[in-house]
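This report concerns only the one structure given below.
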Amino acid sequence: LEYICPVSRFRNSLEMPTLWGGFSPGVSSVVKPPPGAPTRVAVAGKKDLVDLVHLEEDELEEQFVRGSGPGGQATNKTSNCVVLKHIPSGIVVKCHQTRSVDINRKRAREIMQQKLDVFYKGEHSDILVRKKEAEVKKQDKRRRVKENLERKRLFKEGLQAQNTPGKETV
Amino acid sequence: MWRKSMIRGYICLVGRSAGLKEYLATCAVRPCSSQTSPSDIINARQAVDIWRKRFELNGVTEPDLSSQYIIAHVLGAKTIEGVEQVKLSAFLTQEETQRIWKLCKKRLARMPVQYVIEEWDFRDVTLKMKPPVFIPRPETEELVELVLTDLQRKTGSPLCLEVGCGSGAISLSLLKHLPQVRAIALDQSVEAVELTRENALRLGLQDRLKVYHVDVIKDAETVLKLCSNVAVLVSNPPYLFSEDMPSLEPEILRFEDHAALDGGKDGLKVIRAILTLAPQILSDDGCVYLEVDPRHPQLIRDWLEVNVEWLRLAETRHDITSRPRFCILRKDKANDRTLHLG
């Protein structure tokens, strides 16, 4: 996964001739909430849904790096990297996690939504709030483990002190 | 040239930290195949690098991706990103190294990666790949998306017919996603029929898929007997123009079934046969979904007007590279005409 920004730097680094096209009208958007409602997205690994910033397909530009060939049956390439650009914010998401273009496109949108949420909501973004909660939980756990170990160590020391020769046994 | 034991020692000492660059520099690299052999001890990262360079030197397309996919596969992952960092740095076993060399040599001969590792993903299914059965293209994943949108709105147990199923990608992808759908898949290639059946078994979808060895051009009568009341007819038929065949890359020309690609002089040979059959087997609200060559939509519209009364080109959609790629055709029951079934 890569987070590439700003857009201008990204454009200059392209080597292969590629097509910047608007999102193809041929495919229904993965993220299509009812009008007016905030988009609820299942974030991987999380139990409950998260309210994230709505993703407008019109604001996205998608690029599929497949070289300059004719495409379709005439081409057999394994590159399936999807690059998604959000025009208003300039945020760019690149995804080549899987061997399927379709899944990479969907994941790119999920990642974009998360990044946009953080971008627009800042520290109020659910993503960051949950991250913070998870970190606090982790620290609490570490602290408790440490305390437990300390308690055990003291107990052990206490036992050894009792069993040392010369001391009276109870 | 250094002796093998010295090379091994050198790699062990400096392999991880200094990496392959230094080793290659000191050896005055010459592009010959005897450079590194399966008996040298290297890690996955080095293997990826060695083979990327070797592919580059030999003009093999996608040298970096080829190397990554093959080595990831040998290490049990689908992508190189899916291999843990620890594993990438650890020395490869003798067996792993030999397997990598064996597979990468196939790629040197321009065998497509999908045939080398004998599998590939299509949307969320993993399919077995076997030459010369046609390898699914990424554009076709979008075709499935279009069909899904249609099929999931239908009630009951809609029937989907796929013409030219190849490895079974389209049908199996639909069946996996929509448990209520039944499918019939046809192919004129025995290898394709067998591979589709095998993939269906692997995915546990064999109960809802019937696969037949049928040529839609020669055996139109058979198709009529096998199918009726079809909700969706979907196909990625051979649609290349014959004159374009010779300019295809070696990966395709040498290894894939030409019959799965060549659509005749205008690329419409198989498409015409499908569209002639369609009105007779589709239900009244049934649709045809085709993947085509970008030059086809207008040609299809013109041909339909003259030759097929009860079918019209309803929509043309573009693929992710913005080329016209998908045709959606619907039954046209205008003018109170009734169908005369043969």
Side-chain angles (χ1 to χ4, degrees), chain A residues 1-3 14-32 42 44 57 60-85 93-111, chain B residues 61-62 65-66 68-69 78-79 81-82 112-114 119-126 134-135 137-146 148-149 173 236-241 244-245 247-249 251-252 255-256 260-261 263 291-294 315-326:
Chain A
L1 268 191
E2 277 183 43
Y3 171 76
L14 281 175
E15 286 153 359
M16 284 189 275
T18 46
L19 288 163
W20 276 107
F23 177 61
S24 162
V27 181
S28 53
S29 168
V30 171
V31 182
K32 240 195 184 136
E57 283 299 338
L60 295 176
E61 249 180 45
E62 190 172 31
Q63 182 183 25
F64 170 37
V65 178
R66 212 153 115 77
S68 55
Q73 288 173 1
T75 308
N76 179 26
K77 298 269 189 277
T78 55
S79 61
N80 50 29
C81 184
V82 175
V83 182
L84 201 57
K85 180 173 76 166
V93 168
K94 188 167 141 182
C95 181
H96 51 94
Q97 288 178 7
T98 76
R99 300 189 298 205
S100 158
V101 167
D102 190 72
I103 296 184
N104 287 344
R105 293 178 79 189
K106 286 168 178 159
R107 290 214 186 160
R109 279 163 175 76
E110 284 169 21
I111 296 160
Chain B
T61 51
E62 299 189 306
L65 285 171
S66 299
Q68 288 168 16
Y69 278 129
K78 291 191 173 189
T79 60
E81 293 85 8
V113 169
Q114 300 93 331
E119 69 171 45
W120 201 242
D121 293 339
F122 183 80
R123 294 173 57 92
D124 53 356
V125 297
T126 301
F134 179 81
I135 297 166
R137 309 300 200 240
E139 284 87 346
T140 315
E141 291 183 333
E142 293 186 67
L143 179 65
V144 171
E145 191 75 40
L146 289 176
L148 273 175
T149 311
S173 212
N236 177 24
Y239 58 68
L240 297 183
F241 290 48
D244 293 334
M245 294 288 296
S247 60
L248 294 175
E249 61 207 55
E251 278 79 6
I252 301 176
F255 297 92
E256 284 189 295
L261 297 154
E291 182 179 318
V292 302
D293 181 277
E315 290 176 74
T316 298
R317 305 281 196 118
H318 293 61
D319 65 23
I320 191 170
T321 63
S322 303
R323 293 179 170 111
R325 184 64 70 186
F326 309 111

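These values consider heavy atoms only, across backbone and side chains, with no hydrogens, waters or symmetry-generated copies. Lettering follows sequence order; numbering is per chain, from 1. As the structure is a prediction and not an experimental result, all values here were calculated from the model.
Without hydrogens or angle criteria, B/E62 side chain to A/K77 main chain gives no donor-acceptor distance under 3.5 Å. For the pair B/R137 (side chain) and A/T75 (backbone), a donor-acceptor distance under 3.5 Å is present. No side-chain donor-acceptor contact under 3.5 Å links A/R99 to the backbone of B/T126.
Among B/P237, B/S247, B/P294, the residue with the largest count of heavy-atom pairs under 4.5 Å with chain A is B/P237. Chosen from B/V292, B/L261, B/D293, the residue pairing most often with chain A at heavy-atom distances under 4.5 Å is B/L261.
Residue B/R325 touches chain A through its side chain alone, counting heavy-atom pairs closer than 4.5 Å. Proximity to chain A is absent for every atom of B/E315, based on heavy atoms less than 4.5 angstrom apart. B/P324 does not touch chain A: none of its heavy atoms, backbone or side chain, sits under 4.5 Å away. For chain A, the nearby parts of B/Y239 are the backbone and the side chain; heavy atoms of each come within less than 4.5 Å. For chain A, the nearby part of B/I135 is the side chain; its heavy atoms alone come within less than 4.5 Å. With a 4.5 Å cut-off on non-hydrogen atoms, B/N236 touches chain A through its backbone and its side chain both. Within the 4.5 angstrom heavy-atom criterion, atoms from both the backbone and the side chain of B/L240 approach chain A.
Atom-to-atom distance recorded for B/I320:CD1 and A/N80:CG is 10.0 Å, nearest 0.5 angstrom. Taken from OG1 in A/T98 to CD in B/E81, the straight-line distance is 10.0 Å, to the nearest 0.5 Å.
Residues B/Q114 and A/N76 share a closest heavy-atom pair of NE2-OD1, 3.0 Å. Between A/Q73 and B/I252 the shortest heavy-atom distance is O-CD1, 3.8 Å. Pairing each heavy atom of B/Y69 with each of A/T78, the nearest pair is OH-O, 3.4 Å. The shortest non-hydrogen separation linking A/S100 to B/E141 is OG-OE2, 2.9 Å.
Remark: B/Q68 engages no residue in a side-chain hydrogen bond (donor to acceptor under 3.5 Å, both in side chains) (not counting sequence neighbours).
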Show your reasoning for whether side chain to side chain contact (heavy atoms under 4.5 Å, CB included) applies to B/T79 and A/H96.
CA-CA 9 Å; B/T79 60; A/H96 51 94; over 6 Å; no
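Salt-bridge annotation for A/R105 and B/E142: present, with a side-chain N of the basic residue lying under 4.0 Å from a carboxylate O of the acidic one.
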